[in-house]
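See structure below.
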Amino acid sequence: MKIATWNINGIKARIDTLLTWLKDASPDIACLQEIKCVDEAFPSELFEELGYNVAVHGQKGFNGVALLSKLPFDEATPRLAGDDEDEQARYLEAVVSVPSGVVRIANLYLPNGNPADGPKYDYKLAWMDRLKARAAELLTYEEPMVMAGDYNVIPMPDDVYNPAAWVDDALFKPETRARFRSLLNLGLTDAFRACHDEAHQYTFWDYQAGAWQKNRGLRIDHLLLSPQAADLLRSCEIDTAPRGWEKPSDHVPIWIELSV
DNA sequence: ATGTCGATACTTTATCGA
């Protein structure tokens with residue numbers, strides 16, 4: 001089973017690119033972030049024509065996440081627990097049945113948090129605390145579980161082209177990295193790092209300043225696995241090709257293969 | 001040093017968020 005995550009930076013601007021990629025890569029499940037549209041505006045029919053079931057948690061103009069799955073959803077639940085006042089559409093959790101049992105998918109778009117420090121950074125850190133609480137709860141289920149998405153976290157210095165330039169950024173500040181580390185220390189596995197030890201492997205390149213051409217990127221899109229999912233992990237790859245296409249997202253897809 | 005893109009609105013250019 002192939003599970004991909006991709007921040008597409010706007011479904012309206014990226015629909016042709018996304019359909020092209022889906023036909024070629026054919027993931028069983030795709031976690032999409034930054035759809036930037038309300039539920040009713042999401043073009044579900046175009047994905048259904050490709051054999052996908054669709055779950056959407058949208059928002060006007062910003063944020064928004066969606067799940068595409070070739071398997072039907074047993075459950076699909078929006079919102080991250082822990083703050084009923086939080087109106088930002090950043091989390092969508094689902095369960096699908098597979099031959100070996102079930103797989104739970106959490107699709108997340110973690111807040112950027114810049115500028116740091118400030119209210120946006122406080123929101124990011126609080127959101128990470130809520131995510132950790134949800135992860136701890138899900139780990140008690142002892143089932144294959146994948147938390148996939150745009151974490152807006154650079155885990156380690158070799159996950160960025162120039163770490164010195166990023167020390168005060170919300171994506172790399174010590175408090176951010178510490179919270180990501182504490183998430184891993186619950187017992188989650190960073191799928192990419194379980195499969196690859198090469199430095200400077202990126203999932204995002206800024207639109208500005210020729211970042212793509214100069215390979216000045218960040219590794220900020222991650223798939224974190226429960227122990228039961230890590231047992232099933234066969235491979236994890238970043239698909240850098242779409243960053244070089246016409247009208248690209250600033251992120252590229254990253255995917256895992258699980259033996260379910 | 002600078003460089004971009006997508007969406008929105010009291011729109012046709014500025015603002016915000018990334």
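Keep in mind that this is a model prediction, so the values were computed, not measured. Chain A is the first sequence line, chain B the second, and so forth, proteins listed ahead of strands; every chain is numbered from 1.
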Item to check | Interface limits on DNA chain B, where chain A has a heavy atom under 4.0 Å of a nucleotide atom | outcome: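 Span of nucleotides near chain A: dG3(B) to dA18(B).
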Checklist entry - Which residue, Q208(A) or Y109(A), contacts DNA chain B at a nucleotide closer to its 5' end, judged by nearest heavy atom? => result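 Result of the comparison: Q208(A).
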Checklist outcome for this item: Per nearest nucleotide of DNA chain B, the residue lying toward the 5' end, G10(A) or A209(A), is A209(A)
If you look at every strand shown and take non-hydrogen atoms under 4.0 Å, does [X] touch a base, only sugar-phosphate, or nothing?
X       : value
G61(A)  : sugar-phosphate
A13(A)  : sugar-phosphate
F204(A) : nothing
R216(A) : nothing

Next on the checklist: Just to verify, what does R234(A) make a side-chain contact (heavy atoms from CB on, under 4.5 Å) with, not counting sequence neighbours?
Outcome noted: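 R234(A): side-chain contact (heavy atoms from CB on, under 4.5 Å) contacts with E257(A), S259(A).
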Flag the pair [X] and [Y] as a salt bridge only when some basic side-chain nitrogen lies within less than 4.0 angstrom of an acidic carboxylate oxygen.
X       : Y       : value
D129(A) : R179(A) : yes
D117(A) : K173(A) : yes
R79(A)  : E93(A)  : no

Checklist entry - Considering only the C1' atoms, how many Å lie between dT15(B) and dC10(B), rounded to the nearest integer? => result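 About 14 Å, rounded to a whole number of Å.
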Checklist entry - If the P atom of dG6(B) is compared with that of dA1(B), how far apart are they to the nearest Å? => result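 It works out to 27 Å between them.
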Item to check | Verdict with reasoning, D190(A) to R219(A), per salt bridge (Lys or Arg N to Asp or Glu O under 4.0 Å) | outcome: CA-CA 12 Å; D190(A) 177 342; R219(A) 189 173 75 91; 3.1 Å; yes
Next on the checklist: Measuring only between side-chain heavy atoms, which start at C-beta, is F172(A) closer than 4.5 Å to L218(A)?
Outcome noted: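 The answer is no, as the side chains (C-beta and beyond) never meet within the 4.5 Å cut-off.
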Next on the checklist: Under 4.0 Å, heavy atom to any atom of DNA chain B: which of residues 240-251 of chain A qualify?
Outcome noted: K247(A)
Item to check | Partner set under side-chain hydrogen bond (donor to acceptor under 3.5 Å, both in side chains) for R243(A), not counting sequence neighbours | outcome: none
Checklist entry - Under the side-chain hydrogen bond (donor to acceptor under 3.5 Å, both in side chains) test, which residues partner T203(A), sequence neighbours left out? => result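 T203(A) satisfies side-chain hydrogen bond (donor to acceptor under 3.5 Å, both in side chains) with D221(A) only.
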Checklist entry - Which residue pairs satisfy the ring-ring contact (aromatic ring centres under 6.0 Å, His included) criterion with at least one member in residues 232-260 of chain A, sequence neighbours excluded? => result F204(A)-H251(A)
